[in-house]
Peer 1: 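Input: one structure, supplied below.
None of the values given here were measured: they were computed from a predicted structure. The chains referred to below are lettered A, B, ... by the order of the sequence lines, with proteins before strands, and numbering in each begins at 1.
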Number of protein chains: 2
Amino acid sequence: MNYTNSDVPSGKCSVCVLGQFCLPVGISPSDIAKIDTLVKERVHLQKGESLYRHGDPLSAVYSIRFGTLKTEYGLEDGRQQVIGFHLPGEILGLDGIGDGSYQSEAIALEESEVCIIRYEAFEDLARQIPELQKQFHRILSRELTQDQRHLLSLGSLRAEERLASFLLNLSQRLAARGYLNNEFDLRMSRVEIGSYLGIQIETVSRMLSRFAESGLIQIKQRHIKLIDVDGLYQLAGIQNPERTVQIKPCVS
Amino acid sequence: MNYTNSDVPSGKCSVCVLGQFCLPVGISPSDIAKIDTLVKERVHLQKGESLYRHGDPLSAVYSIRFGTLKTEYGLEDGRQQVIGFHLPGEILGLDGIGDGSYQSEAIALEESEVCIIRYEAFEDLARQIPELQKQFHRILSRELTQDQRHLLSLGSLRAEERLASFLLNLSQRLAARGYLNNEFDLRMSRVEIGSYLGIQIETVSRMLSRFAESGLIQIKQRHIKLIDVDGLYQLAGIQNPERTVQIKPCVS
DNA sequence: CGTCTTGTTGAGCGCGATCAATGACGGTGG
DNA sequence: CCACCGTCATTGATCGCGCTCAACAAGACG
């Protein structure tokens, strides 16, 4: 783990391109300057490095500047469950607030960098800036919703449907960040996808091949291209939200 | 749904026996008095009634005074996943904060009563009482941890293990509230347990019968008695936390 | 008492797990 | 540069846990 204490412009929230997805949503420039004083340090992680481990005392929460991380939750017997994959602008370490120590482990899937948000100081600042408090609550709440969708997937969907909704969820989140969303690289291995979806890697592989055969996607190793997005939505058991938006104006 | 606007003593947080599990943890009596002015209304629910539905605009979060509720998350095609079972002192409706409308539906499993916590006013108060803010964040964070355990269960455990850890989790939460924790009534149907655990009701039934045969539990309809708690922990793939506590002093 | 809902138990099947072999890269050293 | 190796992914063959379908039992309720 490589700590960087940086006062260069790119280290400040006020000029960070992720402002619209990260903590500073809906906050006035003068208040963002206050956040700048709070978020001064960053951590640089190589692929495979841990940001925090289960049981580490909570001192900070983290926002991803670039890169991808996974969080996983382990059993005494060694079995591990991947809980989430995390993209730039997302906040990590929130499960440490409850009991003062992280419950999961966060590991970089590629070279990544995260901003350190000292938690004590952050809570103080959130009390001073109502919009910051609101945004933090929104982030926590959306994290809950994301986990609930994940629970629905593991509890009620078949392997095929889980994989389809996983790909679509990833695509949506990439799109929200302005990345190319119908063609991207999977930063996680088949093992990690399988763990996340509660299925075996052979099943992941087979389903991806089947999707490709059906003309829903193209896949070469970890590079994936979504061809028939509507078809994927149909498979996932949910409607394409973009379609819903397109149709609404016509009926109302 | 039956609204009650009550100024009787029992309606106040300051005298509520749930204070130690609910919002007012770690808050001074004078500050609890402020919470009293916020939490004046309650809702009385009959079995089967909804507290809120998916899409309802968020106006409040709720704390359970008595009774049990389930939250579930639905798919367009009708499939539903039970996300959680909720006991007195727990906060409901947190998934509505993210986008201003509830993402799940909360339904009473028995006659229940919840306190209405107007959300706007609550956020204001949380800014004035640092300990209230801290406690709220702890509650949100623990909710995340609970969901993560649930994900581990659905993603990595076999049916038998899921059921064992479900029973133990319920038992722990009942114990924390001072209820009898080795003998209690399941407030939820087999269908609801099955949905929660991502297995079919026949499997729930069979596993319970098997547990009873093995002498781990006694069960008659919805009344359950845990006989061999350590055995259940072993089945669930986790260690009995009470044992860990007992052993620790010896080795250190 | 019959009816309806909820839970239990049995029999057979199928989805996805498991075991196994092969293929595709990427890195490393000769 | 290619040969070698380790890791990761794909594909096939077989197995088994849990699903599905079905019949029956036990309460709950009018």
Side-chain angles (χ1 to χ4, degrees), chain A residues 46-48 68 70 78-82 107 109-111 153-167 185-214 217-225 235-237, chain B residues 46-48 70 79-82 107 109-111 153-167 185-214 217-225 235-237:
Chain A
Q46 294 304 320
K47 181 175 174 173
T68 313
K70 67 172 173 181
R79 279 182 286 185
Q80 290 204 316
Q81 173 70 32
V82 172
I107 299 168
L109 294 179
E110 60 180 328
E111 188 180 357
S153 174
L154 297 196
S156 301
L157 302 189
R158 295 178 311 108
E160 198 179 49
E161 300 171 312
R162 293 185 203 181
L163 192 56
S165 58
F166 163 69
L167 293 176
D185 282 306
L186 298 169
R187 296 274 128 93
M188 61 294 285
S189 71
R190 300 291 193 268
V191 175
E192 286 156 344
I193 296 175
S195 171
Y196 179 79
L197 295 177
I199 56 186
Q200 293 306 110
I201 72 169
E202 295 93 331
T203 305
V204 174
S205 203
R206 264 184 262 272
M207 296 296 151
L208 284 175
S209 301
R210 191 191 294 177
F211 287 180
E213 270 178 55
S214 314
I217 64 170
Q218 280 172 16
I219 186 152
K220 196 187 175 191
Q221 296 295 115
R222 296 193 179 185
H223 189 80
I224 191 165
K225 193 170 174 179
L235 249 182
Chain B
Q46 295 303 322
K47 181 175 175 174
K70 67 172 173 180
R79 280 183 286 184
Q80 289 203 315
Q81 172 70 32
V82 172
I107 299 168
L109 294 179
E110 60 181 327
E111 189 181 357
S153 174
L154 297 197
S156 301
L157 302 188
R158 294 177 311 109
E160 197 179 51
E161 301 172 311
R162 292 184 203 180
L163 192 56
S165 56
F166 163 70
L167 293 176
D185 282 308
L186 297 170
R187 296 275 126 96
M188 61 294 288
S189 70
R190 301 290 193 268
V191 175
E192 286 155 345
I193 296 175
S195 170
Y196 179 78
L197 295 176
I199 56 186
Q200 293 307 111
I201 70 171
E202 294 93 333
T203 306
V204 174
S205 202
R206 265 184 262 271
M207 297 294 151
L208 285 174
S209 301
R210 191 193 293 176
F211 287 180
E213 271 178 54
S214 314
I217 64 170
Q218 281 172 15
I219 185 150
K220 195 187 175 192
Q221 297 295 115
R222 295 192 179 186
H223 188 81
I224 191 164
K225 192 170 175 180
L235 250 182

Peer 1: Is B:Ser156 reaching over with its side chain to a backbone N or O of B:Ser153, donor-acceptor style, under 3.5 angstrom?
Peer 2: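 Looks like no, no N/O pair under 3.5 Å.
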
Peer 1: Give me the residues of residues 197-210 of chain B where at least one heavy atom lies under 4.0 Å from an atom of DNA chain C, by number, or none.
Peer 2: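 Hits under 4.0 Å, by residue number: B:Glu202, B:Ser205, B:Arg206, B:Ser209.
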
Peer 1: Distance check, rounded to the nearest 0.5 Å: A:Leu235 atom CG versus A:Ser165 atom OG?
Peer 2: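 The CG atom of A:Leu235 sits 10.0 Å away from the OG atom of A:Ser165.
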
Peer 1: Do A:Leu167 and A:Phe211 come within less than 4.5 Å of each other through their side chains, counting heavy atoms only?
Peer 2: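 Yes, close enough: below the 4.5 Å cut-off.
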
Peer 1: Could you check whether any side-chain heavy atom of A:Tyr196 comes within less than 4.5 Å of a side-chain heavy atom of A:Arg162, counting everything from C-beta outward?
Peer 2: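 In short, these two side chains do not touch, never coming nearer than 4.5 Å.
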
Peer 1: Could you write out each protein N or O paired with an N or O of nucleotides 21-28 of chain C at a distance under 3.5 Å?
Peer 2:
none

Peer 1: Has B:Gln81 got a side-chain atom pairing as donor or acceptor with B:Ser195's backbone, closer than 3.5 angstrom?
Peer 2: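 Flag set: sc B:Gln81 to bb B:Ser195 pair under 3.5 Å.
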
Peer 1: What integer distance in Å separates B:His223:NE2 from C:dT6:C1'?
Peer 2: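 Distance, rounded to whole Å: 18 Å.
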
Peer 1: Please report the interatomic distance CD(B:Glu111) to CZ(B:Arg187), rounded to the nearest 0.5 Å.
Peer 2: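 Here the interatomic distance stands at 11.0 Å.
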
Peer 1: How long is the line joining CD1 of B:Ile193 and P of C:dT6, in whole Å?
Peer 2: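 So the CD1-P distance, B:Ile193 to C:dT6, works out to 13 Å.
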
Peer 1: Round to a whole Å and report the spacing from CG of B:Leu163 to P of C:dT8.
Peer 2: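 Whole-Å distance recorded here is 11 Å.
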
Peer 1: On DNA chain D, reading 5' to 3', which nucleotide is the first and which the last to sit with an atom under 4.0 Å from a heavy atom of chain A, could you check?
Peer 2: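 So the contact region on DNA chain D extends D:dC8 to D:dA13.
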
Peer 1: Is any side-chain heavy atom of B:Thr203 closer than 4.5 Å to one of B:Leu163?
Peer 2: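 SC-SC contact between B:Leu163 and B:Thr203 ruled out.
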
Peer 1: How sharply is the helix from C:dC1-D:dG30 to C:dG30-D:dC1 bent, taking the axes over five pairs at either end and rounding to 10 degrees?
Peer 2: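 Comparing the first five pairs with the last five, the axes sit 30° apart.
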
Peer 1: Evaluate side-chain contact (heavy atoms from CB on, under 4.5 Å) for B:Leu208 paired with B:Arg190, printing each intermediate quantity in order.
Peer 2: CA-CA 10 Å; B:Leu208 285 174; B:Arg190 301 290 193 268; 3.7 Å; yes

Peer 1: Looking only at atom types and distance, does a side-chain atom of B:Ser214 sit under 3.5 Å from a main-chain N or O of B:Arg210, one as donor and one as acceptor?
Peer 2: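 Such a contact is found between B:Ser214 side chain and B:Arg210 backbone.
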
Peer 1: Once you round to the nearest 0.5 Å, how far does CD1 of A:Ile217 lie from CD1 of A:Ile224?
Peer 2: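 CD1 of A:Ile224 is found 4.0 Å from CD1 of A:Ile217.
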
Peer 1: Output all residues satisfying salt bridge (Lys or Arg N to Asp or Glu O under 4.0 Å) with A:Glu192, sequence neighbours left out; order by chain, then residue number.
Peer 2: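 A:Glu192 satisfies salt bridge (Lys or Arg N to Asp or Glu O under 4.0 Å) with A:Lys70 once adjacent residues are dropped.
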
Peer 1: Grab the two heavy atoms, one from A:Leu197 and one from A:Leu154, that are nearest each other, plus how far apart they are.
Peer 2: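 Here A:Leu197 and A:Leu154 meet closest at O-CD2, 3.1 Å.
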
Peer 1: Please identify each residue that fulfils side chain to side chain contact (heavy atoms under 4.5 Å, CB included) with A:Arg79, with sequence neighbours left out.
Peer 2: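 For A:Arg79 the side chain to side chain contact (heavy atoms under 4.5 Å, CB included) partners, ignoring immediate neighbours, are A:Leu75, A:Asp77, B:Leu157, B:Glu161.
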
